[in-house]
Trainee: 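Below is one structure. I have some questions about it.
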Amino acid sequence: MAKPNEREGNSCHIHLSFRADDGSPVMAGDGQYGLSPAGAAMVSGLLAGLRELTLLLAPTINSYKRFAPGSFAPTAVAWGPDNRTCALRLVGHGPSLRVECRVPGGDVNPYLALAGLVAAALDGAEQARPLPPPVTGNAYTTGGLPRVPATMDEALALWDSSRLAADVFGADVVSHYATMARVELDAYHSAVTDWELRRYFERL
């Protein structure tokens, strides 16, 4: 489980770096924070695709309970150099420069998560997306930032309408994982939990 209790929860942060055919690092360069133009575009692609691919990074109802302010799990779709309050944290330098995605929890399928993150990064590189400014302060309290989906319902709607998911994975895969989410949501919404029993049957 990503969130088995009211503490921080279980994460599965994923670090990404890219190499050219000759083995040379693609992300490192002479730009701000040691990024190359391709590296900056890749980080921008990750930012652009993160919300619509969240279903691959947070695959259960419980996943979304990690995303709380001050919990070491991100709530803002933002990037920053060595900033653990952001969804994307830039770490390392030179050949070791990489981006850490802090969204996935311990319940993630790492193969699906990695496929989604690589797809978003490569889409950013192909589109030469400009990189927005980093967040150097507390991303939990910085206003105006897009948010990590707070529920599976929200993540499902974004996934279902995602141009990126349809282009990269195809309609059959998008439909399959949308069906998975709907089955999970139907089961969740029909359940009466022990919390409800304690609060509404025994106390009120």
Side-chain angles (χ1 to χ4, degrees), residues 11-21 23-59 67 73-105 108-136 139 142 144-149 154-171 173-174 177:
S11 66
C12 182
H13 300 162
I14 295 175
H15 290 242
L16 292 168
S17 62
F18 296 85
R19 301 271 170 171
D21 290 341
S24 59
V26 170
M27 295 188 69
D30 298 326
Q32 191 177 29
Y33 303 108
L35 283 165
S36 67
M42 286 176 165
V43 175
S44 187
L46 287 165
L47 290 172
L50 196 61
R51 279 175 43 81
E52 56 197 86
L53 298 181
T54 296
L55 194 61
L56 298 180
L57 309 177
F67 306 137
T75 59
V77 178
W79 78 281
D82 201 18
N83 190 336
R84 288 178 170 85
T85 68
C86 295
L88 300 176
R89 172 182 170 237
L90 192 68
V91 289
H93 54 85
S96 71
L97 188 73
R98 60 199 184 276
V99 61
E100 174 195 31
C101 181
R102 299 175 61 81
V103 174
V108 75
N109 180 321
Y111 303 103
L112 295 177
L114 193 57
L117 294 172
V118 169
L122 294 181
D123 184 67
E126 289 171 6
Q127 310 259 354
R129 289 184 179 274
L131 183 62
V135 173
T136 56
T142 301
L145 298 172
R147 312 306 287 178
V148 175
E154 184 184 358
L156 169 58
L158 289 162
W159 168 262
D160 229 0
S161 61
S162 170
R163 183 273 311 168
L164 178 61
D167 288 351
V168 172
F169 298 110
V173 171
V174 171
Y177 282 98

Trainee: Using a 4.5 Å cut-off on heavy atoms from C-beta on, say whether the side chain of D123 contacts that of V168.
Mentor: no

Trainee: Please assess L35 against L131 for the test side chain to side chain contact (heavy atoms under 4.5 Å, CB included), listing each intermediate value before the final yes or no.
Mentor: CA-CA 10 Å; L35 283 165; L131 183 62; 3.8 Å; yes

Trainee: Check for a donor-acceptor pair, side chain of S11 on one end and backbone N or O of G105 on the other, with a separation under 3.5 Å.
Mentor: no

Trainee: Determine yes or no for a side-chain-to-main-chain donor-acceptor pair under 3.5 angstrom, with S17 supplying the side chain and R98 the backbone.
Mentor: no

Trainee: Enumerate, atom names and distances included, each donor-acceptor pair closer than 3.5 Å involving a side-chain atom of residues 39-51, sequence neighbours excluded.
Mentor:
| from | atom 1 | to | atom 2 | distance (Å) |
| --- | --- | --- | --- | --- |
| S44 | OG | P130 | O | 2.7 |
| R51 | NH1 | R147 | O | 2.7 |
| R51 | NH1 | E154 | OE2 | 3.3 |

Trainee: SG of C101 to NE2 of H13: how many Å apart, nearest 0.5 Å?
Mentor: 8.5 Å

Trainee: Tell me, yes or no, whether the heavy-atom count around H15 atom NE2, taken from other residues, nucleotides or ligands under 6.0 Å, exceeds 12.
Mentor: yes

Trainee: Shortest non-hydrogen contact from V99 to L88?
Mentor: CG2-CB, 3.9 Å

Trainee: Which atoms form the tightest heavy-atom contact between A78 and C86, and what is the distance?
Mentor: O-CB, 3.3 Å

Trainee: Closest heavy-atom contact between A28 and S36?
Mentor: O-CB, 3.4 Å

Trainee: Where the side chain of R102 meets the backbone of R84, is there a donor-acceptor pair that is under 3.5 Å apart?
Mentor: yes

Trainee: Output the distance between atom CD1 (I14) and atom CG (L117), rounded to the nearest 0.5 Å.
Mentor: 5.5 Å

Trainee: Working to the nearest 0.5 angstrom, can you tell me the gap between L97 CG and L90 CG?
Mentor: 4.5 Å

Trainee: For T54 and P149, work out which heavy atoms get closest and say how close.
Mentor: OG1-CD, 3.4 Å

Trainee: Where is the tightest heavy-atom contact between P74 and F67, given as atom of each residue plus distance?
Mentor: O-CD2, 3.4 Å

Trainee: Hey, what's the ring geometry for Y177 with W159, parallel, tilted or perpendicular (30° and 60° as the breaks)?
Mentor: perpendicular

Trainee: Drop me the distance from L158's CG to L55's CG, to the nearest 0.5 angstrom.
Mentor: 9.5 Å

Trainee: Quick one: does R19's side chain get under 4.5 Å of S24's, heavy atoms only?
Mentor: no

Trainee: With rounding to the nearest 0.5 Å, note down the distance linking CZ in F18 to CG in L122.
Mentor: 5.5 Å

Trainee: To the closest 0.5 Å, what do you measure between CG (D82) and NE2 (H93)?
Mentor: 11.0 Å

Trainee: Would you say that L145 contacts V135 through its side chain, given a criterion of any heavy-atom pair below 4.5 Å between the two side chains?
Mentor: yes

Trainee: Determine the minimum heavy-atom distance between V26 and A38, stating which atoms define it.
Mentor: CG1-CB, 3.9 Å

Trainee: May I ask you to decide if P132's main-chain N or O and W79's side chain share a donor-acceptor pair within less than 3.5 Å?
Mentor: yes

